[in-house]
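This report refers to the structure that appears directly beneath it.
These numbers were taken from a predicted model, which means no experiment stands behind them.
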Amino acid sequence: MPGPPSHSNGIVPHSEYFYPEADVTFRVENILFRVHKRFFIRESLHFQSLFEASPIPCQDPPGSSATNPVVLNDTTSEGFAGLLWVFYNRQYSIYKATVDEWRAILALAQRWAFKEVEKLCVRELENLIIPPVDKIHLYQDFKLDKSLLIDSYLELTVRSEPLDLEEGRKLGIETSVQISRARELSRGSDLGRGPMSSGWAGRASTDRHSLRRPPHC
């Protein structure tokens, strides 16, 4: 059973995710991770292909030891540790992380085809309070389910302030134009200038009126 490697060449084991009894070693930057291969084979098509490939005769399979690790060049040690936290979380089904931390985990989940981890990221993001512009920008970046953005679009449509320059840059021209058009339609319906379109623009008009309607006595 391989133990933690020496600190030669500046390469050191991760302070938490180096389990001597585990069966695969990764190197990310100058950090070694020794973890359980089953998570990667079970969850990721990318790593299934890597580990199930026929090894070269008389050669140890990749990740077999600290001297023969799987080298991951397309992430950071901090980002990889975040992904491992999903598998080794000691709070079982309770996950507490920031939007930026879920973003980093989601990026790796999509890159390496961890489909269930991607679903977890979306579920946890939905439980967080995210400003509407930031949420739209995030979900568009990762091509997530657009239907999850209806309330964010609605909030931008019914608020009193138009999009500012920085918000427009984040959202892009197409989305910014759609929101501006929805705001016009929403306010036009208030003045009787024509029918509302369907979808979240129509909901915007309904919600604007309901917000102004006095409560029942």
> So do the side chains of Phe33 and Val28 get within less than 4.5 Å of each other, counting heavy atoms only?
Replying inline: yes
>> Show the nearest heavy-atom pair for residues His14 and Ala81, with the distance to one decimal.
In response: NE2-CB, 3.8 Å
> Do you know which two heavy atoms are closest between Thr98 and Glu101, and how far apart they sit?
Replying inline: N-OE1, 2.8 Å
> Which heavy atom in Ser152 sits nearest to a heavy atom in Pro132, and how many Å separate them?
Replying inline: O-CB, 3.6 Å
> Are side-chain heavy atoms of Phe142 and Val122 found at a separation under 4.5 Å?
Replying inline: no
> Is there a donor-acceptor contact under 3.5 Å from the side chain of Ser186 to the main chain of Ala182?
Replying inline: no
>> Is there a path of hydrophobic side-chain contacts, each under 4.5 Å between heavy atoms, that joins Ile179 and Leu148?
In response: yes
>> Quick check on Glu126: does its CD atom have over 12 non-hydrogen neighbours (other residues, nucleotides or ligands) under 6.0 Å away?
In response: yes
>> Is the distance between the ring centroids of Phe39 and Phe47 under 6.0 Å?
In response: no
> Which value, rounded to the nearest 0.5 Å, describes the distance between Glu124 atom CD and Trp102 atom CH2?
Replying inline: 5.0 Å
> Judged by modelled atom types alone, do Asp145 and Ser147 share a side-chain donor-acceptor pair under 3.5 Å?
Replying inline: yes
>> Ignoring hydrogens, what is the shortest heavy-atom contact between Val70 and Pro62? Give both atom names and the distance.
In response: CG2-C, 3.7 Å
> What's the spacing between Leu128 CG and Asp134 CG if we round to 0.5 Å?
Replying inline: 12.5 Å
> Taking the side chain as C-beta and beyond, is there a heavy-atom pair between Val12 and Ile31 under 4.5 Å?
Replying inline: yes
>> Quick test of your reading of the model: are Lys170 and Glu167 salt-bridged, counting only N-O distances below 4.0 Å?
In response: no
> When rounded to the nearest 0.5 angstrom, what distance separates NZ in Lys146 from CD in Gln140?
Replying inline: 8.0 Å
> Is a donor on one side and an acceptor on the other found under 3.5 Å between the side chain of Arg27 and the backbone of Ala66?
Replying inline: no
> Does Leu72 share a hydrophobic cluster with Tyr88, counting links as ILVMFWY side-chain heavy atoms below 4.5 Å and allowing steps through other members?
Replying inline: yes
> Do side-chain atoms of Arg159 reach the backbone of Pro162 as a donor and acceptor pair under 3.5 angstrom?
Replying inline: yes
> Of the non-hydrogen atoms in Arg103 and His137, which two are nearest, and what is the gap between them?
Replying inline: NH2-CD2, 4.2 Å
>> Are Trp112 and Val71 linked, directly or through intermediate hydrophobic residues, by side-chain heavy-atom contacts shorter than 4.5 Å (ILVMFWY only)?
In response: no
> When you measure from the side chain of Ser64 to the backbone N and O of Pro61, does any donor-acceptor pair fall under 3.5 Å?
Replying inline: yes
> Taking side chain as C-beta onward, heavy atoms only, is Ser65 less than 4.5 Å from Thr67?
Replying inline: yes
> Among Phe26, Phe87, Trp85, Tyr17, which one satisfies ring pair (Phe, Tyr, Trp, His ring centres under 6.0 Å) with Phe80?
Replying inline: Phe26
> What's the spacing between Leu149 CG and Glu155 CD if we round to 0.5 Å?
Replying inline: 12.0 Å
> Does Leu83 reach the side chain of Phe114, with side-chain heavy atoms less than 4.5 Å apart?
Replying inline: yes
>> Let me confirm one number: the OG1-CG distance from Thr157 to Leu163, rounded to the nearest 0.5 Å.
In response: 8.5 Å
> What distance do Leu125 atom CG and Leu120 atom CG have between them, rounded to the nearest 0.5 Å?
Replying inline: 9.0 Å
>> For the backbone of Glu29 and the side chain of Ser77, can you confirm whether one donor and one acceptor N or O come within less than 3.5 Å of each other?
In response: no
>> Does any part of the side chain of Leu144, heavy atoms only, come nearer than 4.5 Å to the side chain of Glu118, both counted from C-beta?
In response: yes
>> One pair to check against side-chain contact (heavy atoms from CB on, under 4.5 Å): Tyr95 and Ile105. What are the steps and the verdict?
In response: CA-CA 12 Å; Tyr95 291 91; Ile105 296 169; over 6 Å; no
